[in-house]
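Fair warning: this is a prediction, and the values are worked out from it, not measured in the lab. All values below come from the heavy atoms of this structure, side chains included, with hydrogens, waters and symmetry mates left out.
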Amino acid sequence: MKKAISLAMAALMTMSVVMTGCGNSGANGSGSESSSGAEAASGDKVLKVAVGCNLTGTGAKAGAGFQTATEMALEDIDYKIGDYTIKPIYVDLTDDPEKGALALEQSIVKDGAQVCMQGWFTTIALTSMDVVAKYKVPYLFNYGAGVAIDEKYEADPEYYSYYIAKTFPTTDFIAEEYRDIIDAAFENGSITGDKKIAIYGEDTDWGHSIGSNFEKYFGEAGYDIVYDEYFQAGTTDFYAILSKIKESGANVVGGTINTPATAAAFLKQAKEIGLDAQIICHSLNENADWQSLCGDAAEGVLDMMAVYVDDRGAEFEKAFKEKAGYDASIACEGVAYDCAKMTFAALQACYDEYGVLDTDTVYKFGSEEIATGKWVYDDSITQTCYKWEEGKISPVVGEDAFYNCLAQVQDGEMVVVWPENRAKAEAKF
């Protein structure tokens with residue numbers, strides 16, 4: 001009898017140790033496993049998914065939006081795919097490449113993440129690629145429009161095959177759009193004088209990516225590059241930079257700023273010094289607070305803008321505000337919701353194909369179906385569809401696939417002005 005009791009107690013102690021080992025390890029900074037609707041019932045199968053969010057640093061507001069949007073997409077499927085419970089591990093990728101890589105690595109090694117999803121900065125994506133290649137864990141649909149990601153992938157596609165299908169294409173197509181709308185303005189006399197462009201941006205892979213494409217496409221069209229300079233992310237004093245741009249005689253000023261407060265400072269100071277030029281501030285509207293931050297300093301600015309494909313966009317924004325307490329931006333939270341929905345749709349398709357969800361089956365489905373273009377996601381709220389071509393990590397671009405319009409701030413609102421067949425108003429120069 002005593003022996004039986006001793007054996008029973010030993011079994012209970014063993015179970016306790018196992019359960020403790022599987023507990024939340026968020027305290028170590030690698031990530032936190034959500035308990036909201038995600039706790040698996042006894043006997044359920046679990047797929048642990050690392051969700052990349054920049055919860056601290058310059059991208060913290062966007063990271064919080066990613067987490068909320070992902071939670072909404074999980075609630076849509078009740079945290080279930082087949083007989084698997086999807087258990088998210090929210091990983092703070094920060095805005096530091098080394099810290100972000102370490103956090104992602106810990107989510108795999110310590111928290112047991114089997115699949116990764118979401119992400120933001122190009123610099124973080126570049127180090128994340130090495131992490132998932134090292135541990136052979138599939139990473140689905142990260143963002144990062146910087147061309148450095150595509151170049152790194154194409155240099156060794158077999159090694160980086162675990163990094164599957166970016167959500168954003170590179171910036172060359174959007175640079176061409178900016179050039180085309182500016183060219184049209186010169187042709188109809190809305191902008192006069194010599195074609196001179198000043199290029200600016202944050203000194204990051206992303207900033208240089210859009211800047212180099214501006215230099216290429218505007219340069220090929222005969223524009224003089226009269227200024228080309230980058231500044232540290234987080235800069236807020238632009239008087240010296242803007243004075244140089246003004247002195248250069250540029251009538252077009254093009255670049256990107258990924259930090260809302262920095263963009264607001266740039267535009268306000270440009271207005272203060274009387275910079276008389278058409279400003280392109282790419283990605284301004286990725287923060288839903290751009291109006292309150294910039295005020296009338298943003299009037300007339302050109303920016304890229306995603307557009308909801310139907311009424312589901314308004315439904316998402318209403319639900320997001322009810323959950324988060326603040327407005328969503330289509331270019332940030334709307335895209336994050338799309339990315340999460342697409343990830344779970346891909347996992348559902350993987351489950352339907354193999355009846356198993358784990359690292360191996362997700363990698364197999366991702367590399368054989370998604371990366372080859374066989375699998376297409378056509379339930380997006382921001383794009384006609386997402387699809388990829390074999391050998392290319394960026395999505396296919398076109399009006400029947402991924403396509404973002406150009407918008408201009410008019411009377412305090414972003415209004416689509418290009419291309420002409422999608423424009424809601426004429427651009428004002």
Side-chain angles (χ1 to χ4, degrees), residues 145 171-193 195-201 210-211 213-214 217-218 221 223 242 245-246 250-258 260 262-272 274-309 313 317 327-332 334-335 382-383 399 402-429:
T171 55
D172 45 356
F173 90 95
I174 204 69
E176 289 186 84
E177 283 197 284
Y178 284 122
R179 180 205 59 197
D180 290 346
I181 192 173
I182 296 295
D183 266 352
F186 272 105
E187 288 173 9
N188 65 30
S190 297
I191 301 178
T192 58
K195 293 182 176 182
K196 296 181 178 181
I197 182 170
I199 298 172
Y200 71 93
I210 188 74
N213 275 313
F214 280 170
Y217 289 104
F218 279 91
Y223 289 72
L242 288 165
I245 291 175
K246 186 176 181 179
N251 43 19
V252 180
V253 178
T256 183
I257 300 175
N258 216 25
T262 300
F266 184 89
L267 295 177
K268 286 179 178 180
Q269 291 164 34
K271 184 176 181 180
E272 282 182 41
L275 179 62
D276 184 19
Q278 175 58 54
I279 297 177
I280 299 167
C281 191
H282 185 70
S283 76
L284 174 65
N285 74 91
E286 287 181 353
N287 188 293
D289 295 334
W290 66 267
Q291 293 106 323
S292 60
L293 289 169
C294 299
D296 61 1
E299 194 67 18
V301 167
L302 290 172
D303 188 14
M304 178 185 73
M305 186 175 178
V307 179
Y308 290 122
V309 297
E317 290 199 350
D327 290 326
S329 159
I330 181 175
C332 180
V335 170
T382 66
Q383 301 294 341
E399 293 206 43
F402 182 104
Y403 189 85
N404 283 346
C405 304
L406 296 184
Q408 185 179 46
V409 181
Q410 296 184 0
D411 299 323
E413 300 291 335
M414 285 278 180
V415 182
V416 174
V417 293
W418 193 268
E420 293 177 345
N421 66 321
R422 294 194 180 196
K424 302 299 181 183
E426 289 186 8
K428 300 175 182 179
F429 298 98

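Here CD of Glu272 is found 11.5 Å from CG of Leu267. Values are rounded to the nearest 0.5 Å. Taking CD from Gln291 and CG from Asn285, the interatomic distance works out to 9.0 Å, rounded to the nearest 0.5 Å. Going from atom CG of Asp303 over to atom CE of Met414 covers 4.0 Å, rounded to the nearest 0.5 Å. In this structure, Phe266 CZ and Thr262 OG1 are separated by 11.0 Å, a value rounded to the nearest 0.5 Å. The OH atom of Tyr308 lies 4.5 Å from the CD1 atom of Ile330; values are rounded to the nearest 0.5 Å. The distance from the SG atom of Cys405 to the CD1 atom of Ile174 is 8.0 Å, given to the nearest 0.5 Å.
Using cut-offs of 30° and 60° on the angle between ring planes, the pair Phe218 and Tyr223 is perpendicular.
A 4.5 Å side-chain heavy-atom check between Asn258 and Ser283 finds at least one atom pair inside the cut-off. Between Val252 and Phe429, the closest side-chain pair of non-hydrogen atoms is not below 4.5 Å. Side-chain contact between Tyr403 and Pro419 is present, with at least one heavy-atom pair separated by less than 4.5 Å. Counting heavy atoms from C-beta on, the side chains of Glu299 and Asp411 come closer than 4.5 Å. Gln408 has its side chain out of reach of Trp418: every pair of non-hydrogen atoms, C-beta onward, lies at least 4.5 Å apart.
Partners of Glu399 under the salt bridge (Lys or Arg N to Asp or Glu O under 4.0 Å) rule, at least two apart in sequence or in another chain, are Arg422. Judged as a salt bridge (Lys or Arg N to Asp or Glu O under 4.0 Å), and not counting sequence neighbours, the contacts of Lys271 are Asp296. Here Lys195 pairs with Asp183 under the salt bridge (Lys or Arg N to Asp or Glu O under 4.0 Å) rule; sequence neighbours left out.
Nearest heavy-atom pair, Asn404 versus Phe402, reported as atom, atom and distance to 0.1 Å: ND2-CZ, 3.6 Å. In terms of heavy-atom proximity, Ile257 sits nearest to Ala263 at CG2-N, 3.5 Å. Between Ala328 and Glu317 the shortest heavy-atom distance is O-OE2, 3.8 Å. When all heavy atoms of Lys196 and Asn251 are compared, the closest pair comes out as O-OD1, 2.8 Å. Looking at every heavy atom in both residues, Cys294 comes nearest to Lys268 through O-CE, 3.7 Å. Leu284 and Ala298 get closest at one heavy-atom pair: CD2-CB, 4.3 Å.
For Lys246 (side chain) and Ala277 (main-chain N/O), no donor-acceptor pair under 3.5 Å exists by modelled atom type. The backbone N or O of Gly300 sits less than 3.5 Å from a side-chain atom of Gln278, completing a donor-acceptor pair.
Within 6.0 Å of the CG atom in Asn188, the count of heavy atoms belonging to other residues, nucleotides or ligands exceeds 12.
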*Should Val417 and Leu302 be marked as a side chain to side chain contact (heavy atoms under 4.5 Å, CB included) after you check the CA-CA gap, both sets of side-chain angles, and the distance that decides it?*
CA-CA 9 Å; Val417 293; Leu302 290 172; 4.2 Å; yes
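In this structure, Phe214 has its ring center at least 6.0 angstrom away from the ring center of His282.
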